[in-house]
Structures are given as structure tokens and as C-alpha cells.
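One structure is given here, and the rest of the page talks about it.
Throughout, residue positions are numbered sequentially from 1 according to the sequence presented. The structure displayed is predicted, hence computed values, not measured ones. Whatever order the structure lists ligands and atoms in, that order sets their numbers, starting from 1.
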Amino acid sequence: MRIVEVGPRDGLQNEPIPISTDEKVQFIQRLADAGIAEIEATSFVSPKWVPQLGDAADLWPALPVGPIYSALVPNRRGFETALNLGVTKIALFTAASDAFTQRNINRTVAESLLEFGEILSQRPAGMRVRGYVSTAFDCPFSGPVAPAQVRPVVESLLELGCDEISIGDTLGTANPSRTRALAQELSDVPNLFWHFHDTYGRAVANVMAAMDSGVGIGFDASAGGLGGCPYAPGATGNLATEDLVCLLESEGISIDTGMGTRIDSGIDQVRLAQASVPILERLGRPISAKSQAAILSHVR
Ligand code: HMG
Ligand code: MG
């Protein structure tokens with residue numbers, strides 16, 4: 001299984017207390033030192049919409065050498081920023097629900113796909129592209145989303161040339177049976193990641209359901225369980241990376257570094273548990289991820 005660490009992006013984007021670029025670089029360095037190989041570092045979005053990530057263009061050149069980095073791109077303007085900075089992996093994001101994309105990126109799903117098509121026609125050789133499908137289970141504005149509504153959006157993203165797909169449980173309302181149903185609908189989709197939020201504490205159960213279904217090559221997770229989308233009321237933290245790594249290791253599942261090597265225990269769980277602590281302290285947040293708290297209680 002691969003792990004895409006989204007803490008510096010999804011984890012911070014909704015936080016009102018400004019975290020400096022330097023603090024973000026140190027956070028990312030600690031994640032890299034813990035052995036995290038793939039990190040979604042920031043977003044090239046409007047600083048008016050997401051003030052916390054308004055320093056993206058300053059952060060990018062300061063990223064520590066080592067991990068594979070990606071950044072969210074919502075539109076042509078964000079893509080131009082990515083090109084100027086030499087970004088080699090971008091993440092385009094749309095959803096299974098118009099009501100959500102309208103509030104999140106000021107476009108319908110169809111409009112977003114049209115713009116992504118224009119963007120990808122100018123994609124330089126070697127640039128990898130992830131496509132997110134948010135609200136794959138429920139939309140905060142229009143309600144439940146059926147698996148059959150997710151499939152056409154995934155197909156469109158693949159047709160446009162996305163190399164990987166991330167299925168977003170934006171609200172954290174998925175459960176194991178709905179995960180199995182969506183996995184069945186998407187069973188032939190290559191390079192699929194699951195992006196569970198943990199609002200109701202079901203993210204780890206959903207991970208097991210996805211793995212039992214045999215669908216997907218990895219999971220998105222956020223150190224310390226930080227996270228939430230500013231345009232999805234009710235969405236709280238992501239699946240904590242600590243809980244994910246602890247689960248995978250206890251099940252004896254190897255972690256794919258995304259760079260062609262497989263390792264049984266490439267992640268230092270103590271360093272990972274420590275990585276988000278300074279950020280949590282800055283934000284005035286308690287440690288809430290179960291595995292993080294348990295690991296830290298042994299080392300403190
Ligand atoms: P818009 O209002 O339609 O854009 O916003 P616009 O073209 O009318 O421009 C408005 C202003 O934004 C202008 O500035 C533009 O220059 C500027 P002004 O003239 O007012 O000074 N602007 C930009 N600035 C920097 N970078 C850009 C950019 N584009 C325009 N790329 C826009 C459209 C997409 C920009 C806006 O809606 C936006 O930034 N949305 C971002 C929302 C967001 O980041 N949401 C969270 C990420 S999604 C998520 O969390 C879900 C996920 O985790 C999966 C899951 O959990 O399901 C991925
Ligand atoms: Mg998210």
C-alpha cells in the first residue's frame with residue numbers, strides 16, 4: 001500500500017491560526033525524517049479562499065529534498081504557478097456533486113472537467129497528475145451520493161489522462177459497507193487511492209473494508225489527524241497517518257514508497273508520532289489520534 005501524506009495541505013488548509021512558511025517546512029522535514037515518501041505539500045489556490053496556504057509559491061522552493069511532492073491545482077492560474085515552480089506532480093480536484101464543486105471551486109463538475117482538459121493538453125512530459133473526486137459518499141449540500149454517480153467522474157478524469165485517482169470521503173460519513181459498495185463499482189479503476197476523513201471514527205474500519213475488497217493501491221492520511229475542507233461544513237480531520245501506519249504494520253502489510261521499493265517498516269512510528277506535535281501545540285489542539293497518543297505515551 002502507498003501512503004500519501006496530506007497533512008501540510010488538507011491538514012492545515014482549514015486552520016485559522018496562521019502557520020508560517022518556516023514552521024511548515026519544519027513540519028514537512030519531520031515527516032520526511034520519519035520516512036514518509038509522498039507528501040501533498042500545499043495548494044495553488046486563491047489566497048482569498050484559503051488564506052493558510054497563501055504562501056504556496058514561497059514554500060515550494062524551500063521543500064526538503066527526498067520525498068515526492070504534489071500540490072493541488074484548481075484552475076489554469078494554479079497550473080501556471082505549478083509550471084513556473086517546476087512542480088512535477090499536481091492534483092486536480094473535482095467532485096461527484098455539483099453543489100459541492102460550485103462552492104469549493106466556483107464551477108460545476110462539467111465545467112471543472114472542461115478546464116482540466118485544457119490544462120492537461122499543456123501538460124509537460126513527465127508531470128504526474130492525480131485527480132480527486134470529492135463527496136464520493138455524501139455531499140454536505142445535496143445529500144447522499146450513489147456509487148454510480150462517482151464512476152463517470154472517475155472515468156472522465158482517467159480519459160483526461162490522470163495517472164491516479166483519489167476517492168474523497170469529504171465528510172467522513174463513509175462506513176465499511178458503503179466503502180465495499182463503492183469499491184465494487186470502481187473495481188477496475190487503476191491506481192486508486194482512498195481519502196477518508198475520520199469525523200465519526202470510522203476511517204480505519206473503512207481502510208480495512210477497502211483492503212478486503214482488494215480495490216486501491218493506497219490511502220491518503222494526515223499526521224496527527226489534522227484536516228477538514230473549508231467548503232464542506234461538518235468535515236473534520238483526516239484519517240491519522242499514525243493510525244494508518246500502525247494498522248498496516250500490525251496487519252503485516254508492506255508500505256510502498258512510491259519510488260519502486262517496498263519496505264516492511266520504512267516509517268519510524270515514533271518520529272511520525274512526534275512530527276505533528278509542534279503544529280498541534282501551535283493550533284492549541286490536543287493529540288486525538290489514538291495511535292499517536294499511545295506511541296507518545298511510551299516515549300515521553
Ligand atoms: P473564482 O472566484 O472563480 O476565481 O475562484 P476567479 O477567476 O474569479 O478569481 C478570483 C480571485 O482569485 C482573483 O483575484 C484571481 O486572481 C484569484 P482578485 O482579482 O480578486 O484579486 N485566483 C487565484 N489566485 C491564486 N491562485 C489561483 C487563483 N485563481 C484565481 N489558482 C478558485 C476560483 C478555484 C480560485 C477558488 O474557488 C479557490 O481557490 N478554491 C479553492 C478551494 C479549496 O482549496 N478547497 C479545499 C481543497 S479541496 C478538499 O479539501 C477536498 C480534498 O481534500 C478531497 C476530499 O476530502 O474530498 C481534496
Ligand atoms: Mg480532504
Practice item. Would you name the N/O/S atom of Asp10 that lies closest to the Mg ion (ligand 2)? Key: OD2
Practice item. May I ask you to say whether Asp138 pairs ionically with Arg178, meaning some side-chain N is under 4.0 Å from a carboxylate O? Key: yes
Check your understanding: Are the charged groups of Asp220 and Arg130 less than 4.0 angstrom apart, N to O?
Key -> yes
Check your understanding: Taking 4.0 angstrom as the limit, do Glu164 and Lys89 come out as a salt bridge?
Key -> yes
Exercise for review: Could you walk me through whether His197 and Leu171 pass side-chain contact (heavy atoms from CB on, under 4.5 Å), step by step?
Suggested key: CA-CA 6 Å; His197 282 255; Leu171 297 183; over 6 Å; no
Review point. Any side-chain donor-acceptor pair under 3.5 Å between Arg180 and Gln184?
Key: no
What does the N/O contact table under 3.5 Å look like for ligand 1?
{"unit_1": "ligand 1", "atom_1": "3 (O)", "unit_2": "Asn106", "atom_2": "ND2", "d": "2.8"}
{"unit_1": "ligand 1", "atom_1": "12 (O)", "unit_2": "Ser46", "atom_2": "OG", "d": "3.4"}
{"unit_1": "ligand 1", "atom_1": "16 (O)", "unit_2": "Arg77", "atom_2": "NH1", "d": "2.5"}
{"unit_1": "ligand 1", "atom_1": "20 (O)", "unit_2": "Lys48", "atom_2": "NZ", "d": "2.7"}
{"unit_1": "ligand 1", "atom_1": "21 (O)", "unit_2": "Lys48", "atom_2": "NZ", "d": "2.7"}
{"unit_1": "ligand 1", "atom_1": "26 (N)", "unit_2": "Val45", "atom_2": "O", "d": "3.2"}
{"unit_1": "ligand 1", "atom_1": "29 (N)", "unit_2": "Asn75", "atom_2": "ND2", "d": "2.9"}
{"unit_1": "ligand 1", "atom_1": "31 (N)", "unit_2": "Phe44", "atom_2": "O", "d": "3.0"}
{"unit_1": "ligand 1", "atom_1": "31 (N)", "unit_2": "Asn75", "atom_2": "OD1", "d": "2.9"}
{"unit_1": "ligand 1", "atom_1": "31 (N)", "unit_2": "Gly78", "atom_2": "N", "d": "3.2"}
{"unit_1": "ligand 1", "atom_1": "37 (O)", "unit_2": "Asn104", "atom_2": "O", "d": "3.4"}
{"unit_1": "ligand 1", "atom_1": "39 (O)", "unit_2": "Ser46", "atom_2": "N", "d": "2.9"}
{"unit_1": "ligand 1", "atom_1": "40 (N)", "unit_2": "Asn104", "atom_2": "O", "d": "3.1"}
{"unit_1": "ligand 1", "atom_1": "45 (N)", "unit_2": "Asn104", "atom_2": "OD1", "d": "2.8"}
{"unit_1": "ligand 1", "atom_1": "50 (O)", "unit_2": "Arg9", "atom_2": "NH1", "d": "3.1"}
{"unit_1": "ligand 1", "atom_1": "50 (O)", "unit_2": "Gln13", "atom_2": "NE2", "d": "2.7"}
{"unit_1": "ligand 1", "atom_1": "53 (O)", "unit_2": "Arg9", "atom_2": "NH1", "d": "3.2"}
{"unit_1": "ligand 1", "atom_1": "53 (O)", "unit_2": "Arg9", "atom_2": "NH2", "d": "2.9"}
{"unit_1": "ligand 1", "atom_1": "53 (O)", "unit_2": "Asp10", "atom_2": "OD2", "d": "3.0"}
{"unit_1": "ligand 1", "atom_1": "53 (O)", "unit_2": "His195", "atom_2": "NE2", "d": "3.2"}
{"unit_1": "ligand 1", "atom_1": "56 (O)", "unit_2": "His195", "atom_2": "NE2", "d": "3.0"}
{"unit_1": "ligand 1", "atom_1": "56 (O)", "unit_2": "His197", "atom_2": "NE2", "d": "3.0"}
{"unit_1": "ligand 1", "atom_1": "57 (O)", "unit_2": "Ser134", "atom_2": "OG", "d": "2.7"}
{"unit_1": "ligand 1", "atom_1": "57 (O)", "unit_2": "Thr170", "atom_2": "OG1", "d": "2.6"}

Check your understanding: Are the charged groups of Asp55 and Lys24 less than 4.0 angstrom apart, N to O?
Key -> yes
Check your understanding: Side-chain donor-acceptor pair under 3.5 Å between Asp243 and Ser291, yes or no?
Key -> yes
Check your understanding: What N/O/S atom of His197 gets nearest to the Mg ion (ligand 2)?
Key -> NE2
